[in-house]
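Side-chain atoms are counted along with the backbone in the values below, which use heavy atoms only and exclude waters and symmetry mates.
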4 protein chains.
Amino acid sequence: MNVRSFKNMSPRTPEQNKVLRQDSQTRIIASALKLFAEHGYSATSIKMIAQEANLAQGLLYNYFSGKEELLRAIFAQSMTDVRESFALAEGDTASNSTVAGVIRAALTLVARKRDFWRLSYGSRMQPALLTVLGDDLFAWTQEIRNTLERYFRTSGAAQPEIEAAILFALIDGVAQHYVLDPEHYPLAEVTETIVARYSM
Amino acid sequence: MNVRSFKNMSPRTPEQNKVLRQDSQTRIIASALKLFAEHGYSATSIKMIAQEANLAQGLLYNYFSGKEELLRAIFAQSMTDVRESFALAEGDTASNSTVAGVIRAALTLVARKRDFWRLSYGSRMQPALLTVLGDDLFAWTQEIRNTLERYFRTSGAAQPEIEAAILFALIDGVAQHYVLDPEHYPLAEVTETIVARYSM
Amino acid sequence: MNVRSFKNMSPRTPEQNKVLRQDSQTRIIASALKLFAEHGYSATSIKMIAQEANLAQGLLYNYFSGKEELLRAIFAQSMTDVRESFALAEGDTASNSTVAGVIRAALTLVARKRDFWRLSYGSRMQPALLTVLGDDLFAWTQEIRNTLERYFRTSGAAQPEIEAAILFALIDGVAQHYVLDPEHYPLAEVTETIVARYSM
Amino acid sequence: MNVRSFKNMSPRTPEQNKVLRQDSQTRIIASALKLFAEHGYSATSIKMIAQEANLAQGLLYNYFSGKEELLRAIFAQSMTDVRESFALAEGDTASNSTVAGVIRAALTLVARKRDFWRLSYGSRMQPALLTVLGDDLFAWTQEIRNTLERYFRTSGAAQPEIEAAILFALIDGVAQHYVLDPEHYPLAEVTETIVARYSM
DNA sequence: AATGAATGAGCCTTCATTCAT
DNA sequence: GATGAATGAAGGCTCATTCAT
């Protein structure tokens, strides 16, 4: 018996309502992420999202104040997901807590969350969207850069800041190229070659 | 209207017209590029472009069949510019025809044509725009990749394809990070560090 | 918003929606037919139709994919109406199934659906509209011509095709002259005189 | 040596200027009539007319105050032509000054001036155009009706007004059907059959 | 919680007309 | 007399959002 079967049973208990809300909200976010990644934010209409999520257009506004907040919600959730996955990967083994580990973790994540990265890379150059997203995205980027810098600093690199910038650019570049054409990109080889180079 | 105007009521000469047309077209393209880069393609209205270019909305359609063709024109022109600049840079000195030369040329160009790169990077993940642009953008990317691969092949690298992918990703990543925040990005140091690494 | 509205916040029933839709669609078609007949298709703007129908411009597109489809819908509906009325008139009495009956039926119908005939006669010479309407209008005309021809053939006329062409032209001509100035045209006398002539 | 060869010889004599004007004006009217008939008045743009007439858009406004006056000019000229042709046909032989003669003359004229009749029939139901054309078209129609009525009155018909209405409708109907599909319409047979009927 | 009809601002585009030369 | 670049007012249409139920 799935969640939707509550639908026509009323009055509902508060718990059922909570489950319903949860379900609808999840479906909306998932549908929106998929369509945003597929067609781009501005080319995706609320109508399309509602259809994909199998609910009425108006209902969307019960959960999100508008299209923009929906975008924010997607980023908030996805960024949390990514952070968690990262933390997990880092904690995996002690040996992973190295530059090589970071590279592997990052590129593995990209492959696992293509849609989000597509959306993210597609939003990054659009001031209108950056405004909507506020400083979150920028702060996140900074956070990553800082983490990398710390790695290089502790490992005694000569120019930790520059090294961090370079590695960040490299990971970001690979991620984007992969996301642009996942079927043909030699992600594994590229990852291992980079890892090897940074393990010397 | 003064007396002289009765004297020569002949139509503008073809040269005069050409100048007028050239001027309008240039202003339109320049304004559009600026605004597309600043706000993104879809967030930029024809009205905004016309205002920025200081001419009537309708005039735009004397020069371009629509917003999409305007985008295509911008890409066509900018891509030509970039190719020319590249060729020039390569021909500069014999010693430049190396991987190091390519890196320097590419990153110098990015700094000189920020707006275009911003637009380009902003368009790359948007299927709607890719459709508009056709295969040009993809073909161009492929061309760059091939050039890099050739360099590595002639220099006897073990995995020329993978090496090319990595260097391309690195350049692309640096370019994007620079374009995202040109004021603060340490482009010179990053470029030189990369060049040094690839000159060994 | 009164207290009762809290009591039953369930969505409209499908029946309620159907009524709403029916009403809007009917109002749109009626308004469009009226204005198309009054000002012509191309001189009638969507805005005018929406105002006449007392609803928002955008709503029109919930029912018709555009102005052209609206025109098609009007023709489809009106042609169906006319066909039905004709069938009814023909079935009226056995004696009606004669040329005289057809003439009377046709001219009566014109008087009852002036607006549609005005629109129809106004569209007939406009290639742009003919394209929109497709072959429907042409097919319909042919159908009428054939019906008339059959009458003459069964009644043993010497040149059934020519006779049909003549009678068709006559009816069409009278219909148009009537529609052009309904207040002053002596439709009844003209009809009866024609009928008398064809009853000999 | 044709008219256009004056073009680059300046200064021009007043006579040459007059010829030039005449030529341009004629070309404009001819082109406009052709295009109006082919695509309809509103679907024909000034640009199209100028191109067809092989002159600059702006020049058109040296001859006609606008699109509407151009339409008026076409009607004025064509109506004059038709009236003259009619007068000529009537004067042809004494025996032609009968109902039969009128029928033949009218239908012959239609075949000779298809474009104009197409435009005329296409304008008749469009109030916007009728307004532009003023009362001319209506007056003309009335004139024809009166002429026919006079014929029937002098020939001692019982209901001259009704008879005139019927014959007018018939001619008009045939003319329209012919104009709608000139290639296939059996104009000759139809004309002769009608003439025969009215010669009894 | 849910529905979907309705709204209206804003977009891209067309085109009659004007204007400087 | 002639040119064609430039103008700007509409027009058709889309779509995020609201509202009654």
Side-chain angles (χ1 to χ4, degrees), chain A residues 6-8 10-12 16-18 20-21 23-24 42 44-48 50 55-63 65-68, chain B residues 1 4-5 7-14 16-17 19-21 23-24 42 45-48 50 55-63 65-68, chain C residues 1 4-5 7-14 16-17 20-21 23-24 42 44-48 50 55-63 65-68, chain D residues 6-8 10-12 16-18 20-21 23-24 42 44-48 50 55-63 65-68:
Chain A
F6 287 127
K7 273 206 153 175
N8 288 321
S10 52
R12 310 189 196 89
Q16 287 174 331
N17 267 336
K18 198 182 163 193
L20 280 178
R21 282 194 70 85
D23 177 50
S24 291
S42 67
T44 303
S45 68
I46 293 288
K47 199 180 175 179
M48 287 162 74
L55 39 79
Q57 248 184 100
L59 186 55
L60 211 143
Y61 290 85
N62 278 6
Y63 297 95
S65 72
K67 204 182 173 185
E68 301 193 339
Chain B
M1 193 206 270
R4 290 207 74 240
S5 44
K7 280 199 162 170
N8 182 7
M9 292 292 268
S10 39
R12 294 193 190 89
T13 65
Q16 284 174 312
N17 274 326
V19 171
L20 280 176
R21 288 186 68 82
D23 177 50
S24 293
S42 65
S45 70
I46 295 289
K47 196 179 177 180
M48 288 163 71
L55 37 78
Q57 251 185 93
L59 186 58
L60 209 142
Y61 294 86
N62 275 10
Y63 297 93
S65 71
K67 203 183 172 185
E68 300 194 340
Chain C
M1 193 208 266
R4 289 210 73 241
S5 43
K7 280 201 160 169
N8 182 6
M9 291 292 267
S10 40
R12 293 194 191 89
T13 65
Q16 284 173 313
N17 274 325
L20 280 175
R21 288 188 69 81
D23 178 49
S24 292
S42 65
T44 303
S45 70
I46 294 288
K47 196 179 178 181
M48 288 162 72
L55 37 80
Q57 254 185 92
L59 187 57
L60 210 143
Y61 294 86
N62 275 9
Y63 297 94
S65 71
K67 204 182 171 186
E68 300 193 340
Chain D
F6 288 126
K7 273 208 153 176
N8 289 321
S10 50
R12 310 189 195 89
Q16 286 174 330
N17 267 333
K18 197 182 163 191
L20 280 177
R21 284 194 67 84
D23 176 49
S24 292
S42 65
T44 303
S45 68
I46 293 289
K47 198 180 176 180
M48 287 163 73
L55 39 79
Q57 247 183 100
L59 186 55
L60 209 142
Y61 291 84
N62 278 7
Y63 298 94
S65 71
K67 203 180 174 186
E68 301 193 339

J.: Nearest to the side chain of Ser45(A) - dA2(F), dC15(F), dA1(E)?
T.: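 So the nucleotide nearest the side chain must be dC15(F).
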
J.: For DNA chain F, list all stems, counting runs of three or more consecutive pairs where every pair is Watson-Crick or G-U wobble with both distances under 3.5 Å.
T.: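 Detected stem regions: E:2-21 with F:2-21.
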
J.: Do Thr13(C) and Gln16(C) come within less than 4.5 Å of each other through their side chains, counting heavy atoms only?
T.: yes

J.: dG11(F), dA6(E), dC15(F): which one has an atom nearest the side-chain heavy atoms of Leu59(C)?
T.: dA6(E)

J.: Any side-chain heavy atom of Asn62(C) sitting closer than 4.5 Å to one from Leu59(C)?
T.: yes

J.: Enumerate all atom pairs, one protein N or O and one N or O from nucleotides 17-19 of chain E, separated by less than 3.5 Å.
T.:
from    : atom 1 : to       : atom 2 : distance (Å)
dT17(E) : OP2    : Tyr61(D) : OH     : 3.2
dT17(E) : OP2    : Lys67(D) : N      : 2.9
dT17(E) : O4     : Gln57(D) : OE1    : 3.1

J.: Hey, which of these two, Asn62(B) or Asn62(C), hits DNA chain F nearer its 5' end, going by closest nucleotide?
T.: Asn62(B)

J.: Can you tell me which nucleotide in dT7(F), dT7(E), dT3(F) comes closest to the side chain of Ala56(C)?
T.: dT7(E)

J.: Any base atoms under 4.0 Å from Leu55(B), or only sugar-phosphate, or nothing? Heavy atoms, all strands.
T.: sugar-phosphate

J.: Just to confirm, is there a sub-4.0 Å distance from OP1 or OP2 of dA6(E) to any side-chain nitrogen or oxygen of Ser24(C)?
T.: yes

J.: What are the two closest heavy atoms between Arg21(C) and Tyr63(C), and how far apart are they?
T.: CA-OH, 3.5 Å

J.: In whole angstroms, how far is the P atom of dG10(E) from the CE atom of Met48(B)?
T.: 13 Å

J.: How many angstroms lie between NZ in Lys67(D) and OG1 in Thr44(D), if you round to the nearest 0.5 Å?
T.: 6.0 Å

J.: Between C1' on dA6(E) and CG on Asn17(C), what's the gap in Å once rounded to a whole number?
T.: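 In whole Å, dA6(E) C1' lies 11 Å from Asn17(C) CG.
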
J.: For the CD1 atom of Ile46(A) and the CG atom of Leu60(A), what is their distance to the nearest 0.5 Å?
T.: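 If we round to the nearest 0.5 Å, Ile46(A):CD1 and Leu60(A):CG are 5.0 Å apart.
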
J.: Does dG1(F) have OP1 or OP2 sitting under 4.0 Å from an N or O in the side chain of Arg21(D)?
T.: yes

J.: Could you pull out the closest heavy-atom pair between Ser42(B) and Ser42(A), with the gap in Å?
T.: OG-OG, 3.0 Å

J.: Minimum heavy-atom separation for Tyr61(A) and Gly66(A), please, with both atom names.
T.: CE2-CA, 3.8 Å

J.: Between Gln16(B) and Ser42(B), just flag the one whose closest nucleotide in DNA chain E comes earlier from the 5' side.
T.: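 It is Ser42(B), whose closest nucleotide lies nearer the 5' terminus.
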
